Amino acid sequence: MKNIKSWLMMFITISALAQNNTAIEPNNLQLSYSKTTSIVFPYSVKSVDRGSQDVLVQKAKGVENILLLKAGIVNFKQTNLTVVTSDGKLYAFILNFDEQCPTLNLVAEVSNYDTDVLFFTENENQKKIEQFSQLALSKKKKITGLKANQFSVQLQVNGIFIHHDVMYFRVVVVNNSRISYDIDQLRFFIRDQKKTKRAASQEIEIMPLFAKSDFTKIQDYSEVTLVFAVPKFTIPEKKLFTLQLIEKNGGRHVELDIKNKDLINLEILRSL
């Protein structure tokens, strides 16, 4: 099924380019058998197509926007590489073999040789999610009552928004202590309201599509505001939507529970 979808997406892409008469200026890369070439893209990589199996391609471990390339055989014939990123852009590369002077690092410039790609409707465009996350961050309207305090650390949701099939939670983390707070992770999951002795508590983790802000530490007596985009959901009866803030190498963990009624008055984000 994945292969069928990949071919369909490539067909839609090629058709769109043909209709728009758009020419992509490819970038030339020199690959080596003994050295690795890295390409850094501005957004996560959604699809990769290599013209020959003589070229080895994989994502860098732990990241979504870096591709690692290497020659699979010495003196491979010239071939190409096509990459689609989550912001709806298509990149084209010409690959040549050069053992002595390979391209070691390349930052893919959006303005040089990209073109727009039409994604399937079930794939939300990452760039639009970022734009609506920024809109949610800038909204002046705030909600109250959704906060939790533990060990002089406060976790608060002061805005809940929705646009199409994506919900945006504006989260404020406040450190009122004299000790800086190192973030290990901020989890989102749906769980049972009450845990009985005979039944194990069930948790369904919700993975964010995007986080508007990069943060690993909150300094003493300071705060940070973030927006998390998640696939739309409702909270089943006798369940809670929980935000769990976990301190790295520490014990100051904070949990905030949200009920279904708290989602009733969420704000609709209009078109940009």
Side-chain angles (χ1 to χ4, degrees), residues 5 9 12 16 42-44 46 64-65 84-89 110 116-149 153-174 183 185-193 202-215 218 223-245 254-272:
K5 286 188 174 182
M9 185 174 74
I12 292 172
Y43 291 87
S44 60
K46 298 286 289 186
E64 293 293 324
N65 67 320
V84 177
T85 53
S86 61
D87 61 332
K89 300 296 181 182
V110 174
D116 289 329
V117 173
L118 177 63
F119 281 139
F120 288 106
T121 55
E122 64 263 28
N123 291 326
E124 188 71 26
N125 189 295
Q126 186 77 8
K127 187 173 183 179
K128 288 185 179 179
I129 291 178
E130 291 190 28
Q131 291 173 338
F132 279 101
S133 295
Q134 181 61 49
L135 180 60
L137 186 65
S138 63
K139 285 286 185 178
K140 294 182 179 180
K141 182 180 178 181
K142 296 181 179 180
I143 59 177
T144 58
L146 298 180
K147 61 182 177 180
N149 293 277
V153 177
Q154 178 177 289
L155 179 62
Q156 177 183 7
V157 172
N158 69 0
I160 304 176
F161 311 88
I162 189 170
H163 180 264
H164 291 172
D165 293 332
V166 180
M167 297 174 69
Y168 300 84
F169 287 81
R170 189 170 59 204
V171 180
V172 181
V173 183
V174 184
I183 305 295
Q185 56 182 313
L186 180 56
R187 298 178 60 223
F188 303 82
F189 54 90
I190 295 176
R191 67 179 182 182
D192 299 330
Q193 285 190 11
Q202 293 184 344
E203 294 183 356
I204 301 175
E205 186 161 6
I206 298 177
M207 303 302 295
L209 300 170
F210 176 75
K212 182 61 182 179
S213 184
D214 296 323
F215 75 113
I218 305 174
E223 67 177 60
V224 62
T225 302
L226 315 99
V227 172
F228 292 90
V230 300
K232 72 174 182 180
F233 66 91
T234 56
I235 305 172
E237 187 178 359
K238 297 182 180 180
K239 300 279 188 178
L240 294 170
F241 175 57
T242 300
L243 283 70
Q244 185 183 65
L245 180 67
V254 186
E255 291 187 358
L256 171 61
D257 293 327
I258 296 177
K259 298 180 180 179
N260 209 23
K261 65 178 183 179
D262 298 320
L263 302 180
I264 296 176
N265 296 321
L266 54 74
E267 183 177 347
I268 298 176
L269 295 176
R270 304 300 177 184
S271 298
L272 295 168

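Predicted model, so just to flag it, every value in this text is computed and none were measured.
- Legend: residues meeting salt bridge (charged side-chain N to carboxylate O under 4.0 Å, His left out) with E205, ordered by chain and number and at least two apart, are R187.
- With contacts defined as side-chain heavy-atom distances shorter than 4.5 Å, the pair I218/I183 qualifies.
- We find the CE-CZ distance between M167 and F188 to be 11.5 Å, quoted to the nearest 0.5 Å.
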Does the pair L263 and I235 meet the rule for a side-chain contact (heavy atoms from CB on, under 4.5 Å), with working shown? CA-CA 9 Å; L263 302 180; I235 305 172; 3.9 Å; yes
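- Aromatic rings of F228 and Y168 (six-membered ring for Trp) have centroids beyond the 6.0 Å cut-off, not under it.
- Classification of D192 and K239 as a salt-bridged pair holds, one side-chain N sitting under 4.0 Å from a carboxylate O.
- The line from OG1 of T242 to CD of Q193 is 9.5 Å long, rounded to the nearest 0.5 Å.
- Taking every heavy atom of both residues into account, A148 and V254 meet most closely at O-CG1, 3.8 Å.
- Proximity of L137 to L135: side-chain heavy atoms (C-beta onward) are nowhere separated by under 4.5 Å.
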Would E255 and R191 count as a salt bridge (charged side-chain N to carboxylate O under 4.0 Å, His left out) if you check the C-alpha gap in whole Å, the side-chain angles of each, and the deciding distance to 0.1 Å? CA-CA 12 Å; E255 291 187 358; R191 67 179 182 182; 2.9 Å; yes
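- Proximity of L243 to V157: side-chain heavy atoms (C-beta onward) are separated by under 4.5 Å at one or more points.
- With hydrogens and angles ignored, the 3.5 Å screen pairs no side-chain donor or acceptor of R170 with any backbone N or O of L226.
- Taking the side chain as every heavy atom from C-beta outward, I143 and E267 never approach each other to under 4.5 Å.
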Go through the steps for L155 and K147 under the test side-chain contact (heavy atoms from CB on, under 4.5 Å), then give the verdict. CA-CA 6 Å; L155 179 62; K147 61 182 177 180; over 6 Å; no
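- Using a 4.5 Å heavy-atom cutoff, the side chains of I190 and I206 are in contact.
- The shortest distance between side-chain heavy atoms of F169 and V230 falls below 4.5 Å.
- A 4.5 Å side-chain heavy-atom check between V171 and T225 finds every atom pair outside the cut-off.
- Remark: the S44 side chain and the N65 side chain contain no N/O donor-acceptor pair separated by less than 3.5 Å.
- Legend: residues meeting ring pair (Phe, Tyr, Trp, His ring centres under 6.0 Å) with F233, ordered by chain and number and at least two apart, are F241.
- Legend: residues meeting side chain to side chain contact (heavy atoms under 4.5 Å, CB included) with N149, ordered by chain and number and at least two apart, are Q154.
- With sequence neighbours left out, the ring pair (Phe, Tyr, Trp, His ring centres under 6.0 Å) criterion links F161 to no other residue.
- Of the inter-residue distances, the one linking Y43 atom OH with E64 atom CD reads 15.5 Å to the nearest 0.5 angstrom.
- Summarising the geometry, atom NE2 belonging to H163 is positioned 10.5 Å from atom CD1 belonging to I129; distances are rounded to the nearest 0.5 Å.
- Distance CD/Q244 to CG/L256: 11.5 Å, rounded to 0.5 Å.
- Every side chain to side chain contact (heavy atoms under 4.5 Å, CB included) that D262 has, sequence neighbours left out, goes to L146, I258, K259.
- For the residue pair V227 and S133, the shortest heavy atom distance occurs at CG2-O, 3.8 Å.
- For the side chain to side chain donor-acceptor pair (under 3.5 Å) test, no residue two or more places apart in sequence or in another chain qualifies with N260.
- Atoms OG1 and CG, on T144 and N158 in that order, are 10.0 Å from each other to the nearest 0.5 Å.
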